[in-house]
Amino acid sequence: TIVPYTHLLSNGRYSVMVTTAGGVFPEAGGEGACYVDPVDHQALAATLTGLLADAKRCDELRRAGRAHLERFTDRAVADALVAVYQEAMA
C-alpha cells in the first residue's frame with residue numbers, strides 16, 4: 001500500500017522520504033523522495049548523511065513531495081477512475 005508514503009509526503013513541512021527503489025515506492029514518492037537499494041546499507045547511510053547536510057535539497061524534496069500528492073487527491077483519483085471506466089466501455 002502507498003498510504004503510509006503519501007501520508008509522510010503530506011507532512012512534507014517536516015519530513016523527507018527515503019525509501020527503497022522498486023515496487024510501488026517510486027509511484028508513491030515520485031520526485032519527492034530519495035530511493036536506495038534495499039540491501040545497500042552504505043547507500044542508505046550516504047543518502048541520510050547527504051540529506052542531513054543539505055537543507056536546500058530537503059526543501060526541494062518537500063516541495064516535490066507536496067506537488068506529487070496532487071495525483072492522489074480525491075478529485076484526481078476519481079477522474080482517473082472515470083477515465084479507466086470510459087476506456088473499458090469504449
Side-chain angles (χ1 to χ4, degrees):
T1 179
I2 64 171
V3 173
Y5 297 94
T6 56
H7 180 72
L8 179 66
L9 290 174
S10 70
N11 192 21
R13 181 172 170 201
Y14 306 105
S15 304
V16 173
M17 184 165 74
V18 177
T19 189
T20 57
V24 301
F25 305 124
E27 179 185 358
E31 297 295 318
C34 292
Y35 303 95
V36 296
D37 183 322
V39 296
D40 188 347
H41 66 280
Q42 291 177 334
L44 175 60
T47 299
L48 293 173
T49 301
L51 289 171
L52 288 170
D54 192 346
K56 182 179 177 186
R57 176 71 177 133
C58 289
D59 288 341
E60 291 168 353
L61 287 166
R62 288 183 192 106
R63 280 191 298 277
R66 286 191 299 271
H68 182 69
L69 280 177
E70 294 301 314
R71 296 181 56 210
F72 302 104
T73 64
D74 291 343
R75 180 62 187 205
V77 171
D79 288 346
L81 184 58
V82 167
V84 167
Y85 281 120
Q86 288 174 333
E87 184 178 328
M89 293 179 358

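Here, residue 1 is the first one in the sequence, and each next residue gets the next number.
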Exercise. Which pairs with one or both residues in residues 34-49 pass salt bridge (Lys or Arg N to Asp or Glu O under 4.0 Å), sequence neighbours excluded?
Worked result: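 Every pair satisfying salt bridge (Lys or Arg N to Asp or Glu O under 4.0 Å) with a residue in residues 34-49: there are none.
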Problem set entry | Shortest non-hydrogen contact between E27 and R71, atoms and distance |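 Nearest heavy atoms, E27 then R71: O-NH1, 3.5 Å.
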For this session: Provide the closest heavy-atom pair for A21 versus P38 in the form atom of the first, atom of the second, distance.
Result: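 Shortest heavy-atom contact: O-CD, 4.3 Å.
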Exercise. Considering only heavy atoms from C-beta outward, does the side chain of T19 approach that of Y35 to under 4.5 Å?
Worked result: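 In short, these two side chains touch, coming nearer than 4.5 Å.
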Exercise. Is the closest side-chain heavy-atom distance between T73 and L69 below 4.5 Å?
Worked result: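 Heavy-atom side-chain distance check fails, nothing below 4.5 Å.
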Problem set entry | Listed partners of L51 passing side-chain contact (heavy atoms from CB on, under 4.5 Å), at least two apart |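 Partners of L51 under the side-chain contact (heavy atoms from CB on, under 4.5 Å) test: V16, V18, C34, T47, R57, C58, L61.
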Problem set entry | Atom CD of E60: over 12 foreign heavy atoms under 6.0 Å |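 Above 12, so yes.
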Throw together a table of side-chain donor-acceptor distances under 3.5 angstrom for residues 76-90, partners on residues two or more places apart or in other chains.
{"residue": "D79", "atom": "OD1", "partner": "R75", "partner atom": "NE", "Å": "3.2"}
{"residue": "D79", "atom": "OD2", "partner": "R75", "partner atom": "NE", "Å": "3.3"}

Problem set entry | All salt bridge (Lys or Arg N to Asp or Glu O under 4.0 Å) counterparts of D59, not counting sequence neighbours |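 Salt bridge (Lys or Arg N to Asp or Glu O under 4.0 Å) check on D59 returns R62.
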